[in-house]
Undergrad: 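Just passing along the structure, written as structure tokens.
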Amino acid sequence: QVQLVESGGGLVQAGGSLRLSCAASGRTFSSYVMGWFRQAPGKEREFLAAITGSGDNTYYSDSVKGRFTIARDSAKNTVYLQMNSLKPDDTAVYYCAAKLGWFLVTSLRLYNYWGQGTQVTVSS
């Protein structure tokens, strides 16, 4: 089992940057694929990025590829989402999620551990 806590959200101006952190506790953290999702009001939860347990493979949605970067620090049991060139459309609650396994997946139904979310607001 894994417990996840997101942090680092806040208010940022368009074009700015923000780094989100997801602190994980539990056993065999390196055995979990980690993902980042977001959900805006009235919208479905959206996949953003995922990273393998070893950190050697990543995948991004087209909406954030080139702007966002996912990384993990196994020593700190933490996964990060570096967000650059932020747009007002990036405003949402951002969630960290975990799934036991080796393969990168994008469906939220396949992630069975979730953090509480952190609010990101991008002003124009």
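Treat the numbers as computed from the prediction; the structure is a model and nothing was measured.
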Undergrad: Taking Thr78 for its side chain and Lys76 for its backbone only, find out whether a donor-acceptor pair lies under 3.5 Å.
TA: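 Present.
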Undergrad: In Å, rounded to the nearest 0.5 Å, how long is the span from NZ of Lys65 to CG of Leu48?
TA: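 Atom-to-atom, Lys65:NZ and Leu48:CG are 14.5 Å apart.
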Undergrad: For Ala50 and Val33, work out which heavy atoms get closest and say how close.
TA: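 Minimum heavy-atom separation between Ala50 and Val33: CB-CG1, 4.4 Å.
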Undergrad: Can you find a heavy atom in the side chain of Gln116 that is under 4.5 Å from one in the side chain of Glu6?
TA: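 The answer is yes, as the side chains (C-beta and beyond) meet within the 4.5 Å cut-off.
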Undergrad: Is Thr121 close to Val12 at the side-chain level, that is, under 4.5 Å between some pair of heavy atoms?
TA: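 Sidechains of Thr121 and Val12: no contact.
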Undergrad: State the CG-CZ distance between Leu86 and Phe68, to the nearest 0.5 angstrom.
TA: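 CZ of Phe68 is found 5.0 Å from CG of Leu86.
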Undergrad: Tell me whether the rings of Trp114 and Phe37 are parallel (<30°), tilted (30 to 60°) or perpendicular (>60°).
TA: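 Rings of Trp114 and Phe37: tilted, 30 to 60°.
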Undergrad: Is the backbone of Thr69 close enough, under 3.5 Å, to the side chain of Gln82 for a donor and an acceptor to pair up by distance?
TA: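 Judged by distance alone, no pair lies under 3.5 Å.
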Undergrad: With side chains defined as the heavy atoms from C-beta onward, is the minimum distance between Trp102 and Thr52 less than 4.5 Å?
TA: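 The answer is no, as the side chains (C-beta and beyond) never meet within the 4.5 Å cut-off.
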Undergrad: Using modelled atom types only, decide if a donor and an acceptor are shared between the side chain of Thr91 and the backbone of Val122 within a distance under 3.5 Å.
TA: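 Checked: pair present.
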Undergrad: Within the structure provided, determine whether Ser31 and Leu100 are in side-chain contact (heavy-atom separation under 4.5 Å).
TA: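 Ser31 reaches Leu100 side chain to side chain.
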Undergrad: Atom CZ of Arg72 and atom OG of Ser30: how far apart are they, to the nearest 0.5 Å?
TA: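 Answer for the CZ-OG pair, Arg72 versus Ser30, is 7.0 Å.
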Undergrad: Side chains of Thr118 and Val93: does their closest heavy-atom pair fall under 4.5 Å?
TA: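 Side-chain contact under 4.5 Å: no.
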Undergrad: Can you confirm whether Tyr113 is buried at OH, in the sense that more than 12 heavy atoms of other residues, nucleotides or ligands lie under 6.0 Å from that atom?
TA: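 Yes, because the 6.0 Å sphere around OH of Tyr113 holds more than 12 heavy atoms from other groups.
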Undergrad: Work out which heavy atom in Pro88 is nearest to a heavy atom in Ser124; give both atom names and the distance.
TA: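 Shortest heavy-atom contact: CG-CB, 3.9 Å.
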Undergrad: Which atom pair, heavy atoms only, marks the closest approach of Ala49 to Tyr60?
TA: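 Scanning both residues, the minimum pair turns out to be CB-CD2, 3.6 Å.
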Undergrad: Minimum heavy-atom separation for Cys96 to Val79, with atom names?
TA: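 Minimum heavy-atom contact is SG-CG1, 3.6 Å.
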Undergrad: Between Arg38 (side chain only) and Glu46 (backbone N and O only), is there a donor and an acceptor less than 3.5 Å apart?
TA: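 Checking the backbone N and O of Glu46 against the side chain of Arg38, no donor-acceptor pair under 3.5 Å is found.
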Undergrad: Are Gln119 and Tyr94 close enough that some pair of their side-chain heavy atoms sits under 4.5 Å apart?
TA: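 No, every pair of side-chain atoms sits at 4.5 Å or beyond.
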Undergrad: In Å, rounded to the nearest 0.5 Å, how long is the span from OG of Ser85 to CZ of Arg67?
TA: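 Reported to 0.5 Å precision, the distance equals 7.0 Å.
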Undergrad: Taking C-beta and beyond as the side chain, do Tyr32 and Lys99 meet within less than 4.5 Å on heavy atoms?
TA: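 Answer no - side chains too far apart.
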Undergrad: Atom OG of Ser61 and atom CH2 of Trp36: how far apart are they, to the nearest 0.5 Å?
TA: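 Spacing of OG (Ser61) from CH2 (Trp36) equals 14.0 Å.
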Undergrad: Say whether, by atom type as modelled, one donor and one acceptor occur between the side chain of Gln3 and the main chain of Ala24 under 3.5 angstrom.
TA: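 Looks like no, no N/O pair under 3.5 Å.
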Undergrad: Considering non-hydrogen atoms only, spot the tightest contact between Ala98 and Met34 and give its length.
TA: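 Scanning both residues, the minimum pair turns out to be CB-SD, 3.5 Å.
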Undergrad: Which heavy-atom pair separates Leu4 from Val2 by the least distance, and what is that distance?
TA: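 What the structure gives for the nearest pair is CD2-CG1, 3.3 Å.
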Undergrad: Hey, does the side chain of Tyr111 reach the backbone of Val105 with a donor-acceptor pair shorter than 3.5 angstrom?
TA: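 Side chain of Tyr111 to backbone of Val105: a pair is present.
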Undergrad: Heavy-atom distance under 4.5 Å between the side chains of Ile70 and Tyr80, does that happen here?
TA: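 Sidechains of Tyr80 and Ile70: no contact.
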